[in-house]
Every structure is written in C-alpha cells, then in structure tokens.
Amino acid sequence: MADITASMVKELREMTGAGMMECKKALAEAEGVMETAVDVLRTRGLAAVAKKAGRATNEGMVMAIVDDTCTKGAVLELNCETDFVAMNEKFKAYATRMATAAMENAPVDVDQLKSCKVDGETVEEILTDCIHVMGENCQISRVAEVEAPAVASYIHGGGKIGVLVNFDVEGINPADEAFQKCARDVCMQVAAVNPVSATRESVPEDVAAHELEIYKAQAAESGKPENIQEKIAQGRMEKFYKESCLTEQDFVKDPDVTVSQYVDNCAKELGGKVAIKGFIRFALGE
C-alpha cells in the first residue's frame, strides 16, 4: 500500500476542493496516483472540477497579434523575473517584435523562432537585447502561429492571457471593423471561459473517452438499470459538450444565445457566412 503523505492530501484538496478525509481515502484507493485519485473523487461527485496544479510562478506577459489583413496571427509568452519588468512598455515592445517574427515566419517551436528575423534582426538578438536593457533574465517559453481565412486576437489583463481565434468566412472581409468586433467578442469568450475545444468534433478523443468513463462510473453508483445508466451518462456528456465546446457555450455577453448563434447573427448582418474553426489560448505561467 502506498504511503499517503500530508502534502499529497493537501495537493489533492487544492486540485479538487474535496474534504481532507475524502482526499486521503481517494489517494489510498488510487494507491497514491494523483490523477486516479481525482477520478475517484469525481466518480463520487466530490470533485466538481479538477483544477490544474503546479502552475509556473514566472512573471512576464503573453502577446497576441494579427497582421493588417487579419488572416495571420501569432501568440507568444515572454517571461521575466519580476512583475515590475513585465508591466514595462519596453518589455511589451520586445514581446511584440518577437510575436511579429513568429507571425511572419511561422516557426514550429521556440528554438526555430530564435533564428527568425524581423527588421533585419534575429529573435535571438532581440532577446539578448531585452535581457541587457531590462536587466533581468528573460526567456521565450512558447509560441504559436496561425494562418486562416480570418483571424482575431485578444489580450486580457495586460498580458495575463492571450488568445487567437481563426474562422472560415464567406462574403466578408476579415479586416472589416464590424467583423473584427464580433471576432474579438469570441476571443474574449475564450479568455473568460477557457473552453476545451472549438467544437464537439474537435474535442480530443482521449478527453471525450475519459469524461464518458467518469460519467458512466457516476451513473453506476446510482444503482439504476443499465439502460437508465447509459442515458444518464450520455446526458452528462451532452452537458460537458455544452459547457466545454466554444460554439455550444452560452455567450457571456448574452446568455440567451450560444456563441455559434451570436456569430451566425453577426454573419447575417454582414451579409456573409462565418464559422469558428479553432483557437489558441495562452495563460501566463500555464
């Protein structure tokens, strides 16, 4: 039997919000495996949400930008040592230049980005200059780029969260101010609600399978006939999709419509068609 320590119990409590004794019992049942213990608590209905643990404590900012045509975008996390530097306009300018290099060169990772150029300088050189000027150790932790028929960006909390959303559009100029207002609203939804995926079809198979397994286990606890258990599990799965998929979520600015319905209404006003295809969301230190 695994040795269950107080620190393990504390970690599980922080992740799930469940009681100390329930956490201890779950860890014992899971033989000390944290992820399994979370599932045990969820099955018993004692952990409504499994919170992410172990977030990095690095300071810095997330920069998200799009080009003038609103068909290309990039998001980048630039870390530093103190919040004082993170809020500095010069630091923000460095992050913008690095994100611009990513948008123009479409690197696959941070190492490749460092060799990319913008305005005649490599990102490696820009980063070195940033370290010298800001007087702190600064590092790029991650980067992503997207090119699509339409792209929008949003930065929340002065760089605590950065979002890119890409769309398919028909009969609409992606750089049109009215479209970008709509697209920005969708970006804000992603920042605020943190969906799992854009659509239910794009939910990773392993995530969907894992959720369904939990719901089936919960239904089995009810002791009801198997056919009823299956309906219960599928009903909870539908709720998961509605809460976790961007297009199916209630729109935060108007809960009477879903995000998909809001976008459809915008598209009708603009005389075209719009479909949300995907998003990238970086939260600082995540």
Quick one about [Y] and [X] (side-chain donor to acceptor, distance below 3.5 Å, no hydrogens or angles considered), yes or no?
X      : Y      : result
Gln249 : Thr258 : no
Tyr154 : Asp185 : no
Gln139 : Asn137 : yes
Gln234 : Glu238 : no
Thr69  : Thr71  : yes

In one Ile/Leu/Val/Met/Phe/Trp/Tyr side-chain cluster, 4.5 Å: [X], [Y]:
X      : Y      : value
Val146 : Val165 : no
Val85  : Ile131 : yes
Val257 : Leu270 : yes
Ile161 : Val75  : no
Val118 : Leu76  : yes

Sort out for me which residue in Gln261, Arg200, Lys242 forms a side-chain hydrogen bond (donor to acceptor under 3.5 Å, both in side chains) with Glu248.
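Exactly one option meets the side-chain hydrogen bond (donor to acceptor under 3.5 Å, both in side chains) with Glu248, and it is Arg200.
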Between Glu211, Glu213, Gln218, which is the residue that forms a side-chain hydrogen bond (donor to acceptor under 3.5 Å, both in side chains) with Tyr215?
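Among Glu211, Glu213, Gln218, the one meeting side-chain hydrogen bond (donor to acceptor under 3.5 Å, both in side chains) with Tyr215 is Glu211.
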Between Arg13 and Glu22, does the salt bridge (charged side-chain N to carboxylate O under 4.0 Å, His left out) criterion hold? Intermediate values first, please.
CA-CA 9 Å; Arg13 287 191 70 190; Glu22 292 299 333; over 6 Å; no
Is [X] reaching over with its side chain to a backbone N or O of [Y], donor-acceptor style, under 3.5 angstrom?
X      : Y      : answer
Glu136 : Thr82  : yes
Ser115 : Gln112 : yes
Thr247 : Ala198 : yes

Rounded to the nearest 0.5 Å, how far apart are [atom1] of [X] and [atom2] of [Y]?
X      : Y      : atom1 : atom2 : value
Cys130 : Phe91  : SG    : CZ    : 5.5 Å
Ile140 : Glu124 : CD1   : CD    : 8.0 Å
Thr128 : Glu121 : OG1   : CD    : 10.0 Å

Please name the pair of heavy atoms, one in [X] and one in [Y], separated by the smallest distance, quoted to 0.1 Å.
X      : Y      : answer
Asp67  : Met103 : N-SD, 3.3 Å
Ala148 : Asn166 : CB-CB, 3.6 Å
Ile126 : Met98  : CG2-CE, 3.9 Å
Ala37  : Leu27  : CB-CD2, 3.8 Å
Ala102 : Glu145 : O-CG, 3.6 Å
Thr96  : Met63  : OG1-CE, 3.2 Å

Heavy-atom count check: over 12 atoms from other residues, nucleotides or ligands less than 6.0 Å from Asp68 CG?
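Not buried by this count: 12 neighbours or fewer within 6.0 Å.
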For Glu125, does the CD atom sit with more than 12 other heavy atoms under 6.0 Å from it, leaving out its own atoms?
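Correct, the count exceeds 12.
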Is there a side-chain contact (heavy atoms from CB on, under 4.5 Å) between Val62 and Lys160 once you walk through the steps?
CA-CA 6 Å; Val62 177; Lys160 299 299 183 184; over 6 Å; no
Option passing side-chain contact (heavy atoms from CB on, under 4.5 Å) with Ile276 (candidates Leu246, Val190, Thr199, Asp168):
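Per the side-chain contact (heavy atoms from CB on, under 4.5 Å) rule, the option paired with Ile276 is Leu246, out of Leu246, Val190, Thr199, Asp168.
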